[in-house]
**Student:** 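My questions will all concern the structure given below.
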2 protein chains.
Amino acid sequence: MTKQRALIMNILNQSDRHLTADEIFFLAKLKMPSIAMATVYNNLNAMNDAGLIHRLHIDGAADCFDKITEPHDHLLCDGCGKISDFHLPSLSDTLEATLGHPLLSYDLTVHYLCAECQKGKR
Amino acid sequence: MTKQRALIMNILNQSDRHLTADEIFFLAKLKMPSIAMATVYNNLNAMNDAGLIHRLHIDGAADCFDKITEPHDHLLCDGCGKISDFHLPSLSDTLEATLGHPLLSYDLTVHYLCAECQKGKR
DNA sequence: CTCCAAAAAAGAATGATTCTAATTCTATTA
DNA sequence: TAATAGAATTAGAATCATTCTTTTTTGGAG
């Protein structure tokens, strides 16, 4: 656990949003101007591999990173791109039952229109 | 519907696998040597936007494209990278009920170990 | 204090994808 | 049939996120 990793972890923990590597880099640079992009990626990848954080791919955008509090799924508004979290606890069991063998994990992203975009009908 | 688009559509329809843009480009070039990569992407993007095919992102690999026969979800072996299809018809309704509002679509990828990799315990 | 290994820094390199500009089709109209 | 306009294609440059390579720094063990 290096200073850099602690800083990146902090930034993720204190954000309520999903951050791109670029945003994390920007925020990290405010606190530690010497930090390099490669360090951000190295640590994000290491933490992702260790299961401490979660890399989220959204079509047509840079990957986002997400602190992991509990397993959760994502809700993406196709109008404004806002991402929110939700969780369907029964899904894991349902999937194992359907497939007939154990699963390691799953990624679920639901596309919808948030209330504002629904109104604007974009 | 241009010749190029028909060719790309054919390649996707005749494949039982999920193909990357690169693979599609290679196969297309066999039949139509003058075809350009940009044309492949243009058409794949257009068809994806029109809902005729489906772009699938797999972490750490190039995006794949998939003909759409019926809505389906993906099963990814974390050992060998093999992709297969399955479908959980009830999920859409379950999600709408849980979220309390309509959804546009969803993407579900389940990670598991296929029978061979299970044996090899990679 | 010195040495070693691990991590970080810098910035070049990569690779998938998109963009731009120029060319070629296609379909329609005259 | 010829002319024209618009759309699609081509070629290849450009972009952007991400990774890689090399050098430098750091922090702990002896």
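Lettering of chains follows the sequences in order, A, B, ..., and the numbering in each one begins at 1. Both backbone and side-chain heavy atoms feed into the values below; hydrogens, waters and symmetry mates do not. The model shown is predicted, which means the values in this text are computed figures rather than measured ones.
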**Student:** Between B:Met9 (CE) and D:dA8 (P), how many Å, whole number?
**Tutor:** 17 Å
**Student:** Select base, sugar-phosphate, or nothing to describe what B:Ser34 touches, counting heavy atoms under 4.0 Å on all strands.
**Tutor:** sugar-phosphate
**Student:** Among B:Val40, B:Ile35, B:Asn42, find the one that has a side-chain contact (heavy atoms from CB on, under 4.5 Å) with B:Gln4.
**Tutor:**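 Single side-chain contact (heavy atoms from CB on, under 4.5 Å) partner of B:Gln4 among B:Val40, B:Ile35, B:Asn42: B:Ile35.
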**Student:** Classify every nucleotide of nucleotides 12-28 of chain C by which part a protein heavy atom approaches to under 4.0 Å, writing B for the base, S for the sugar-phosphate alone and - for neither, in 5'-to-3' order.
**Tutor:** ----SSBB------S--
**Student:** Checking side-chain polar atoms at under 3.5 Å, does B:Arg5 have a donor or acceptor matched by the opposite partner on B:Asn43?
**Tutor:**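 B:Arg5 vs B:Asn43: donor-acceptor pair found between side chains.
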**Student:** Without decimals, in angstroms, what is the distance between B:Asn43 CG and D:dT10 C1'?
**Tutor:** 12 Å
**Student:** Can you label the angle between the B:His57 ring and the A:His57 ring as parallel, tilted or perpendicular, going by 30° and 60°?
**Tutor:**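 Ring orientation, 0 to 90° scale: parallel.
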**Student:** Starting at CG of B:Leu7 and ending at P of D:dA8, how long is that distance when rounded to a whole Å?
**Tutor:** 17 Å
**Student:** Is B:Gln4 close enough to D:dT10 that one of its side-chain N or O atoms is under 4.0 Å from OP1 or OP2 there?
**Tutor:** yes
**Student:** Classify the angle between the aromatic ring planes of A:His18 and A:His74 as parallel (below 30°), tilted (30 to 60°) or perpendicular (above 60°).
**Tutor:** perpendicular
**Student:** For a quick check of understanding: with a heavy-atom distance under 4.0 Å over all strands, which category does B:Thr39 fall into, base, sugar-phosphate or nothing?
**Tutor:**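 If one applies the 4.0 Å heavy-atom cut-off, B:Thr39 turns out to touch a base.
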**Student:** In whole Å, I'd like the distance from the CZ atom of A:Phe25 to the P atom of D:dT18.
**Tutor:** 13 Å
**Student:** For residues 92-102 of chain B, tabulate all N or O donor-acceptor pairs below 3.5 Å that involve a side-chain atom, not counting sequence neighbours.
**Tutor:**
{"residue": "B:Thr94", "atom": "OG1", "partner": "B:Ser90", "partner atom": "O", "Å": "2.9"}
{"residue": "B:Glu96", "atom": "OE2", "partner": "B:Leu103", "partner atom": "N", "Å": "2.9"}
{"residue": "B:Thr98", "atom": "OG1", "partner": "B:Thr94", "partner atom": "O", "Å": "2.8"}

**Student:** Whole Å only: how far is the CZ atom of A:Arg5 from the P atom of C:dA9?
**Tutor:** 13 Å
**Student:** Whole angstroms only, please: what is the CD1-C1' distance between B:Ile35 and D:dA8?
**Tutor:**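 In whole Å, D:dA8 C1' and B:Ile35 CD1 are 11 Å from each other.
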**Student:** Rounded to the nearest Å, what distance is computed from the NZ atom of residue A:Lys29 to the P atom of nucleotide C:dA8?
**Tutor:**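 The answer, rounded to whole Å, is 15 Å.
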**Student:** Quick one: CG on A:Asn13 to CD1 on A:Ile68, what's the gap to the nearest 0.5 Å?
**Tutor:**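 One finds 11.0 Å between CG of A:Asn13 and CD1 of A:Ile68.
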**Student:** Nearest whole angstrom, please: distance from the C1' of D:dC16 to the CG of A:Asp59.
**Tutor:**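 So the two atoms are 16 Å apart, to the nearest Å.
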